Trainee: 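Okay, handing you the structure first.
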Amino acid sequence: HAHNKMKIRKIPAILLGVMLTVSLLTGCADSKKESPADEAEINSTVAVTTENFIVTQSMMEYFFNSYYRAFVTNYADQLEQLNLDTEKSLTEQKYSDTHSWFDYLIAQSLKQVQQLLYLNEAAFAEEMELSQENQQRIEDTLSRYDTAAVENNTSTAYYLHKLFGESVNETTIRKCLRMQMLAAQYTEKLEEKQSYTIEDLEDHFAQNSTNYSMVGLIYAVVPTEQAKKFADAENEDAFVELLRAQLLEETPELSEQDLKIKIENAYRRRVQYVEDTAVSQWAFDKSRTAYDTYTEEEDGTTTVYMLLPAVGEPMGQVVYRDNTAVKNLEFILFASEKDGPDTAKAKAQTVLEQWKEASATDPDGAFQALMQEYGGDTSLNLERGRLEADLENWIFDEARQKGDITSITVSEGTYILRMLADGDPQWQTQVLADMQQQALDEKLQELSEIYEAKYSQAALYDISQIRV
């Protein structure tokens, strides 16, 4: 759909969260120390290596397929536009005129593995040991794979093969997790030395405001001969009435509830600027005013966009800065795929009642105990616009407070959600992340000149691909 042009980003610019985010680092490894690479690794097929660390072919398979899975998850609603079919071999699908999708994804995976090795070398140079807490996290992760395998009526070995590739086993994953945890631990130490004031964030925002500003709009895809009346609508109410009539003309049997959902789905209230797209250039032009319209014709239909008045912290008539606090919460998911939707919902309700009975004296401890028992997790810095509507409406309700708890059923199952304290305004978290990433990119360039990460092209191109 044409409206997707407002949100799709250039693929080469993405950095999906498969590897752990890295930060500033300095120093080089002391070659006199004993290398952490063991004899079995040295005798295995080497995919990527630095002076003291080795990523074997099976480890690279884990990293690659993890990256691929995360990519598909993040771009699930745009795979058709990207001409990526998860049922087909990546080597047989064109990413560009000269490269396949496998070429692209293995290059991105390799880049992140090299960065991971740089961090491990830097930690090794400082004689950093993995903390007991991070060692336990590794064991907890592996234990969850065992539990998931049992729940899926299969062996752990088979389950891991399906998730990460034919040559990946528990030993492989343990080594990969150890590298990731050590990188995270080293990163945390470095981030403690970083300090950005609110003035620093404001300055960066002012210099790059287009990257963080937003507009809201409503759109309709209509036969080209009807586009003019949508484009001439005086305001949002008039546009919605036209859209309502159009939807009922197309599907007269629509219920009022379904009609309401379709109209709500026509809104895009948090649209960010996307480079080199005509609709973005129009929407973010300083001359724009509320209820301006724009049309794009394609294949006999026309998409009509209408801009909405600015909300949040206005920076003009339509452009605004999002001051909504990012949300932090704990959750437990009872998946429909595993138990069926009715059973999942019933389980969630039972567990919620267990928490209510146990929460009188220690609500935090009671929920954490249930998270441990049922495989719960924590989500930090959640931003508006990234979740299913029912989840988002509850989480971002203005009345929401720390300690609020509920169960919500969505397409993937039933969640038990428990709110933690809010984070910073959303624009601040975005600016801070970009400032840290910018500093990281500069430092990684320096590190690539300190640590050499060699790789085997043959080993990279001989790994198995999962079907997502």
Side-chain angles (χ1 to χ4, degrees), residues 1-9 198 201-202 204-220 230-231 233-244 260-275 277 279-294 303-329 381-401 404 419 421-434:
H1 297 299
H3 71 268
N4 279 334
K5 295 177 182 177
M6 293 290 284
K7 64 177 182 176
I8 192 168
R9 294 186 179 276
I198 186 62
L201 302 182
E202 290 281 9
H204 186 89
F205 181 95
Q207 295 170 24
N208 305 275
S209 59
T210 301
N211 295 337
Y212 307 107
S213 304
M214 295 186 178
V215 297
L217 57 83
I218 185 172
Y219 79 95
F230 280 83
E234 292 184 3
N235 53 39
E236 179 183 354
D237 290 341
F239 194 98
V240 168
E241 283 305 310
L242 288 170
L243 179 57
R244 173 187 289 271
K260 180 180 178 182
I261 291 172
K262 284 183 175 291
I263 291 174
E264 179 58 33
N265 288 341
Y267 281 91
R268 294 291 182 269
R269 293 184 171 86
R270 304 181 66 260
V271 177
Q272 292 183 286
Y273 182 82
V274 181
E275 218 174 313
T277 59
V279 65
S280 269
Q281 292 170 357
W282 164 80
F284 285 85
D285 188 287
K286 293 181 179 179
S287 66
R288 292 279 77 79
T289 60
Y291 313 126
D292 282 355
T293 58
Y294 180 83
T303 303
V304 185
Y305 302 93
M306 173 177 277
L307 286 169
L308 304 176
V311 295
E313 183 180 343
M315 302 177 63
Q317 291 201 43
V318 295
V319 178
Y320 69 96
R321 182 165 82 173
D322 194 347
N323 271 329
T324 306
V326 296
K327 300 296 182 176
N328 303 313
L329 57 86
N381 295 332
L382 280 174
E383 298 179 1
R384 185 189 292 274
R386 300 183 183 277
L387 304 170
E388 286 197 42
D390 288 344
L391 291 173
E392 185 157 304
N393 290 340
W394 187 83
I395 292 170
F396 286 91
D397 189 305
E398 291 183 359
R400 197 60 52 233
Q401 296 181 359
D404 286 357
M419 298 302 299
D422 285 352
D424 293 324
Q426 190 158 308
W427 75 266
Q428 289 186 23
T429 64
Q430 292 173 340
V431 169
L432 177 60
D434 284 353

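Predicted, not measured: the structure shown is a model, and the values here were computed from it.
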Trainee: Please enumerate all residues that pass salt bridge (charged side-chain N to carboxylate O under 4.0 Å, His left out) together with D404, with sequence neighbours excluded.
Mentor: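 For D404, the residues satisfying salt bridge (charged side-chain N to carboxylate O under 4.0 Å, His left out) (neighbours in sequence not counted) are R400.
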Trainee: Under the salt bridge (charged side-chain N to carboxylate O under 4.0 Å, His left out) rule, collect the residues that match up with E236, sequence neighbours excluded.
Mentor: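 In terms of salt bridge (charged side-chain N to carboxylate O under 4.0 Å, His left out), with neighbours along the sequence ignored, E236 is linked to no residue.
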Trainee: With sequence neighbours left out, write down each residue that passes side-chain contact (heavy atoms from CB on, under 4.5 Å) with E202, or none if nothing qualifies.
Mentor: I198, R321, W427
Trainee: Where is the tightest heavy-atom contact between A310 and Y320, given as atom of each residue plus distance?
Mentor: CB-CB, 4.0 Å
Trainee: My understanding is that only residues two or more places apart in sequence, or in another chain, count here; which of them pass side-chain contact (heavy atoms from CB on, under 4.5 Å) with V319?
Mentor: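 Once residues adjacent in sequence are excluded, the partners of V319 under the side-chain contact (heavy atoms from CB on, under 4.5 Å) criterion are S213, V215, F284, M315.
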Trainee: Can you tell me which residue pairs pass the side chain to side chain donor-acceptor pair (under 3.5 Å) test with a partner in residues 282-292, sequence neighbours excluded?
Mentor: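 Non-adjacent pairs meeting side chain to side chain donor-acceptor pair (under 3.5 Å): D285-S287, R288-D292, T289-D292.
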Trainee: Under the side-chain contact (heavy atoms from CB on, under 4.5 Å) test, which residues partner A238, sequence neighbours left out?
Mentor: A233, N235
Trainee: Taking only residues two or more places apart in sequence or in another chain, which ones pass ring-ring contact (aromatic ring centres under 6.0 Å, His included) with F396?
Mentor: none
Trainee: Name all residues meeting the side-chain contact (heavy atoms from CB on, under 4.5 Å) criterion together with L432; count only those two or more places apart in sequence or in a different chain, and write none if there are none.
Mentor: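 With sequence neighbours excluded, L432 shows a side-chain contact (heavy atoms from CB on, under 4.5 Å) to Y196, L201, Q436, given in chain and number order.
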Trainee: Quick one: side-chain hydrogen bond (donor to acceptor under 3.5 Å, both in side chains) partners of D422, sequence neighbours excluded?
Mentor: K327
Trainee: Assess the residue pair L217 and Y294 against the criterion (side chain to side chain contact (heavy atoms under 4.5 Å, CB included)); give the C-alpha distance rounded to whole Å, side-chain angles, the decisive distance to 0.1 Å, and a yes or no.
Mentor: CA-CA 11 Å; L217 57 83; Y294 180 83; over 6 Å; no
Trainee: Quick one: list whatever passes side-chain hydrogen bond (donor to acceptor under 3.5 Å, both in side chains) with T429, sequence neighbours left out.
Mentor: none
Trainee: Looking at V274 and S280, what are the two nearest heavy atoms and their distance?
Mentor: N-OG, 3.0 Å
Trainee: For D322, which of Q428, M214, E313 qualifies under side-chain contact (heavy atoms from CB on, under 4.5 Å)?
Mentor: M214
Trainee: Any chance you could measure N208, atom CG, to Y273, atom OH, to the nearest 0.5 Å?
Mentor: 13.0 Å
Trainee: Could you list the residues that satisfy salt bridge (charged side-chain N to carboxylate O under 4.0 Å, His left out) with R269, not counting sequence neighbours?
Mentor: E264
Trainee: A side-chain contact here means heavy atoms from C-beta on lying under 4.5 Å apart; do I395 and M419 qualify?
Mentor: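 Sidechains of M419 and I395: in contact.
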Trainee: Drop me the distance from D397's CG to E392's CD, to the nearest 0.5 angstrom.
Mentor: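 That separation rounds to 11.5 Å.
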Trainee: For E234, enumerate each residue passing the salt bridge (charged side-chain N to carboxylate O under 4.0 Å, His left out) test, keeping only those at least two apart in sequence or located in another chain.
Mentor: none
